[in-house]
Amino acid sequence: MSLSKTRLWITAGAGAILLVLALLLLPADWLAPRDTAIEPAAFAQPASAAAVAPVPSPPDLPPARVALGERLFRDPRLSADQTLACAGCHDLARGGVDRLPVSIGVGGSKGGINAPTVFNAGLNFVQFWDGRAATLEEQAAGPIHSEIEMASDWARILPRLKADGEYVRDFVTAYPDGITATNVLDAIASFERTLVTPNSRFDRYLNGESAVFTADELEGYQRFRDYGCTSCHQGRLLGANMYQKFGAVRDYYLHRPITKADLGRYNVTGRDEDRHVFKVPSLRNVAVTAPYFHDASAATLEQAVVVMGRHQLGRDLGQRDVAQIVAFLRTLTGEWRGKVLE
Amino acid sequence: MLNRLTGNRGQLLALGALAVLLVWLFIKAGAVSPAEHYRYLRDLRDLGQADIEVNADVLAVHAELRLNYDGLIAHVQRSRDDLDAVARIPAFVDAETRAALLAQVVELKATILAKAAMVDRFQRANSVWRNSVDYFPRTAEVFLKQTATSRLQASYGRFIRDMLVLSRTTDPERVTALQKQMSDLVQTRVPEAERAALEHLMLHAGIIIARHPELDQLVRDIGAASTTKHLESLTQLYTAGHERSQRLATGYRLLLVALALVLLIYAALAYWRHEGDRLELVTAHRELSERFESQRVAEERVRLYANVFSHAHEGMTITDPAGHIVAVNPAFCGITGYAAEEVIGHTPALLQSGRQDAYFYEQMWSALRDTGVWSGEIWNRRKSGEVYPEWLSITAICDEQGRHTHYIGVFADITERKEVEQRIHFLAHHDALTGLPNRLLLEDRIEQAVLKSRRRNKAAAVLFLDLDHFKNINDTLGHNVGDQLLVEASRRVTDALRETDTLSRQGGDEFVAVLAELDSPQDAAHVARKLLAAVGSPYHLAGHELVVTGSIGIALSPDDGETVTDLLRNADTAMYRAKEEGRNAFRYYDSGMNFAALGELLLESHLRSALDRGELLLYYQPKVDAVSGHLIGAEALMRWQHPEQGLIPPGRFIPLAEERGLIGAFGAWAINAASRQQRAWLDAGLAAVPVAVNVSAQQFAQEDVPQLVAAALKEHRLTPNLIDLELTESLLMRNAKQAGEVLRQLRAMQISVALDDFGTGYSSLSYLEQFPVQALKIDQSFVQAINPDGGEAKLIAAIIALAHSMGMYVIAEGVETDTQRHLLVRHGCDQCQGYLFAKPMPANEFVDWLANRKQPPAPR
């Protein structure tokens with residue numbers, strides 16, 4: 001008798017479960033919020049109405065990936081002959097650049113354009129002078145494959161990395177699928193996104209420490225704004241959020257032959273209006289990233305400021321103006337890992 | 001098997017299909033993921049929001065409400081990212097909608113990219129324009145200072161004013177007018193000193209004039225970009241598609257619920273059916289168990305019956321209603337000699353011996369028809385041809401309607417029993433030694449002869465023959481020779497008699513011949529003479545030639561008496577006359593003999609007073625255990641101490657006492673005397689053994705024997721086990737009913753009764769069962785018939801076995817030799833009595849005998 005009772009309960013239980021299942025399915029769209037309040041767009045205003053703003057703090061990224069990215073960034077095995085790391089041209093001890101007019105790739109090959117700094121690159125709206133990479137990941141793949149830079153490819157790199165037990169271990173820790181091209185790029189990009197340089201004297205000034213500026217610097221900042229530099233060099237990076245024609249007001253190439261690099265964004269879009277158009281570079285840390293311009297034509301800030309005034313602003317700046325503006329530009333050097341860049 | 005397998009496979013497939021259907025319905029019903037839906041709606045709204053933000057940013061930047069592009073760029077980037085999200089169309093929308101959505105997304109993307117490009121152009125243009133707009137007033141100021149006195153001031157002043165106003169307007173006509181103004185001014189000659197300032201002024205004015213409409217256009221275009229329209233149609237398309245999917249999913253859900261309900265109902269039905277089946281099964285199982293158990297019990301019983309059938313000693317026959325044999329058991333085959341297959345199908349008539357007539361069988365069948373049972377003795381014939389008796393019981397087996405379906409016949413071969421009975425009967429009526437009728441049969445023959453002769457009006461004669469001096473032969477030549485002589489003599493006498501005559505041996509050397517239907521009394525004399533001659537011829541026995549003569553007394557009926565007793569006594573008297581008158585002669589019993597028998601009369605008168613004068617005595621003869629020889633009891637035997645004739649044996653005075661009505665008193669005295677003696681022995685400290693007192697037939701019939709015994713026991717303070725009674729067999733037969741009653745009383749009193757002289761009366765074994773007696777005494781004639789080679793062993797064995805089977809013990813009388821004792825012991829005889837152990841003795845001698853008898857003789 002107890003057996004049949006047990007069976008009765010089992011049957012009843014199974015029936016009840018079926019019924020509950022069915023009832024759960026039936027009102028699925030009654031139970032679910034019919035009109036989920038759409039979260040107010042997470043559009044925190046990224047910038048104030050002012051022309052400039054302080055550099056934000058570095059983003060909080062998975063430390064394992066960041067650490068792995070740094071190692072890869074400094075690892076010459078990513079190049080064809082295992083001699084050149086990313087850090088070879090983007091020396092973090094030298095403002096994130098090589099301070100050469102053009103970089104020297106594997107086998108001594110020379111590049112066609114001045115290497116931009118890697119500092120704050122994550123905050124740039126696009127990568128490369130001509131903006132041909134939308135993200136750091138895309139950017140990182142560029143030099144690796146470039147014949148005149150690292151001249152490498154994944155077929156060569158990945159086995160090298162996989163042969164390294166430490167990499168294998170750390171990759172598995174950081175990524176579920178271990179060592180892949182995507183993960184290598186992601187790790188490098190993650191590291192690069194941490195290369196933010198806050199706490200420059202300018203930022204401190206913006207944050208209310210007016211005493212950190214000398215009179216000249218203050219004057220320089222005033223002129224920087226008054227002369228229209230902030231038309232393009234605005235935002236938190238003082239640039240790096242728009243394109244502009246090099247020679248917007250006065251032709252820059254009038255007295256010299258035009259190289260392919262000079263064509264700028266035209267090389268990407270093919271549109272005439274993009275001829276000589278370049279990403280407006282950020283002026284953050286500009287004091288430690290000479291020489292200047294895509295063609296490295298300005299060895300000093302003074303020269304660069306003069307060129308800018310003439311060709312972009314259509315005005316010829318006096319010596320005093322230049323000196324004061326340069327003084328201001330030197331306040332833009334920020335800190336990385338607690339140390340001011342050199 | 002194959003069908004079942006296919007059936008199972010079909011069911012499995014159906015179940016599998018159902019499971020797949022359920023899972024499919026479940027997936028379908030849940031396909032319209034609300035989370036995915038809201039994600040997509042949010043993405044759509046985000047995209048719209050970002051797009052609007054871009055428009056707002058552009059306006060803000062253009063209106064110098066915001067001085068950096070960070071926000072704008074972020075929103076452009078956001079709209080791009082949102083576009084990617086919007087391109088990820090939820091999986092639940094149908095293919096048609098998806099295609100339409102994708103097409104719309106492609107258009108939207110083109111629009112957004114175009115808008116981004118416009119934003120890019122706007123940024124560049126705006127920066128340059130903004131720079132010029134900011135710088136123009138300063139340039140103008142410098143220029144105006146330098147040309148304060150110049151004629152140019154007027155025309156340029158107006159131009160500059162118009163320019164400054166322009167920056168705050170969007171009127172295209174004004175732009176056109178300014179362009180004209182500017183081209184007019186450019187053609188104006190300007191002094192060298194003022195050219196540089198003018199150039200600066202005109203450069204920025206040119207930029208402002210050129211960029212102003214462009215920027216206005218860009219801002220308008222950006223604001224008017226069809227992104228919103230595309231987004232709206234995208235949203236509408238998606239919403240419609242979602243609703244369709246939602247309706248479909250609801251349909252699936254309803255289907256799923258319906259199916260689940262159907263399954264639930266099915267499960268419930270299946271459960272109830274299963275439960276019902278289970279209960280039925282339980283009931284069926286119980287019934288089956290019960291049936292199985294009863295079947296088992298029945299089988300057990302059948303096996304038992306079969307065992308009974310096969311192992312019974314009785315033959316069994318089963319026939320159909322027509323009497324055809326259906327089955328027989330092994331005992332049947334053993335008894336009849338037929339194998340089963342030889343009789344099955346035949347009727348039991350196969351076995352008929354022909355001894356029973358047709359009437360017998362009619363009776364049998366009639367009884368079977370009426371009562372269903374019949375039993376009786378029947379003679380059948382074995383296969384060997386031998387005819388044998390059997391005790392047959394037939395029972396009819398009936399069906400529900402009462403019709404006979406079978407007959408069962410059970411029979412026992414009673415050949416052996418018959419033989420024993422016949423032999424016992426023969427022995428009972430014949431002399432063991434000579435085979436002649438004994439006294440019992442003789443009495444019958446005498447009665448018959450008397451009756452027969454009277455009917456024919458003729459005489460009958462009783463001749464009493466006694467051999468003269470026969471005791472001498474026994475004493476000198478031994479019993480063996482004596483016995484041989486007796487046998488030879490009886491043969492000669494028989495030969496001398498007619499067929500119709502009877503010769504009987506009375507015991508010892510006494511013979512009686514009965515002659516019926518004599519024409520004259522002289523015929524008896526003639527026969528007597530012939531007999532004397534036959535007896536008197538010499539005998540050649542054991543190397544001796546012996547001559548023996550005889551003496552004959554003749555009594556005639558009806559002259560000398562008509563009763564057996566009278567005739568025998570008279571013949572005996574006549575015989576004594578013959579002996580007295582010289583032997584080897586015969587005498588008639590006549591008046592003279594009556595006179596001569598006066599001695600007997602005197603004896604009779606003495607007998608009457610014998611009791612009063614205390615002339616009666618009791619002698620005691622020991623009864624011993626047949627095996628060990630230990631004393632077990634004693635028989636009290638009456639003796640008459642006659643003052644003149646000396647000790648007279650009972651054979652001479654007991655019949656006289658019976659005849660004269662004294663026997664009752666004598667019997668009572670014997671019981672009393674034996675009791676008194678027992679008391680005396682007990683008082684003397686002697687170990688008491690039971691003493692058996694003989695009760696005569698007359699006494700048994702007339703006196704209240706149980707009362708007598710009870711009184712004696714009471715008077716002498718004895719326990720019942722100390723007094724036994726011995727009755728003769730013939731006594732019981734005369735009045736069986738009364739005898740049975742008295743015996744039951746005695747048994748109730750715990751008085752042990754032994755049947756005396758067994759084998760000499762009308763012993764019917766079946767009759768014995770009616771009488772509760774405790775012991776059987778084998779008559780000494782049987783015991784003495786035991787010769788050294790054990791010839792009579794079979795009969796004695798049969799008697800002993802019979803007695804034991806009826807719960808009696810057996811005492812052998814007249815044991816005289818070790819051979820006899822040995823044989824008796826071997827056949828299980830319990831007690832012995834006879835000269836081998838001790839003769840009857842007076843009480844005082846009995847005590848001495850017991851005292852002197854240290855070691856009882858063990859059987860050799």
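Naming: A, B, ... by sequence-line order, numbering from 1 per chain. Values reported hereafter were calculated over all heavy atoms of this structure, with side chains retained and with hydrogens, waters and symmetry mates removed. Please read these numbers as outputs of a predicted model, since none were measured by experiment.
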For B:Asn68 and A:Arg236, indicate whether the former's side chain and the latter's backbone hold a donor-acceptor pair under 3.5 Å. no
Hey, what do you get for CZ (A:Phe125) to CG (B:Leu72), rounding to the nearest 0.5 Å? 10.0 Å
So, the part of B:Leu203 with a heavy atom under 4.5 Å from chain A: the answer is side chain
Between A:Gln312 and chain B, which part of the residue has a heavy atom less than 4.5 Å away: side chain, backbone, both or neither? backbone
Indicate yes or no for a side-chain donor-acceptor contact from A:Ser231 to the backbone of B:Val128 under 3.5 Å, with no hydrogens or angles considered. no
Distance col, row B:Arg121:CZ vs A:Tyr243:OH, nearest 0.5 angstrom, shows 13.5 Å
Any idea which heavy atoms bring A:Arg250 and B:His200 closest together, and the distance? NH2-NE2, 4.0 Å
Side chain B:Gln123, main chain A:Asn241, donor-acceptor under 3.5 Å: yes
Check B:Arg124 against A:Asp274 and note the closest heavy-atom contact, atom names and distance. NH2-OD1, 2.5 Å
Cut-off 4.5 Å, heavy atoms of chain A, and the answer for B:Arg80 is neither
Part of A:Val280 lying under 4.5 Å from any heavy atom of chain B: neither
Looking at A:Met242, A:Arg271, A:Lys245, which one has more heavy-atom pairs under 4.5 Å with chain B than the rest? A:Met242
Test side-chain contact (heavy atoms from CB on, under 4.5 Å) on A:Arg315 and B:Thr139; report intermediate values, then the result. CA-CA 9 Å; A:Arg315 61 176 85 185; B:Thr139 321; over 6 Å; no
Has B:Asn131 got a side-chain atom pairing as donor or acceptor with A:Leu313's backbone, closer than 3.5 angstrom? yes
Is it the side chain or the backbone of B:His37 that comes within 4.5 Å of chain A heavy atoms, both, or neither? neither
Before you tell me yes or no, could you show the steps for A:Thr230 and B:Leu67 under side-chain contact (heavy atoms from CB on, under 4.5 Å), namely the whole-Å CA-CA distance, both residues' side-chain angles and the distance that decides it to 0.1 Å? CA-CA 8 Å; A:Thr230 53; B:Leu67 300 177; over 6 Å; no
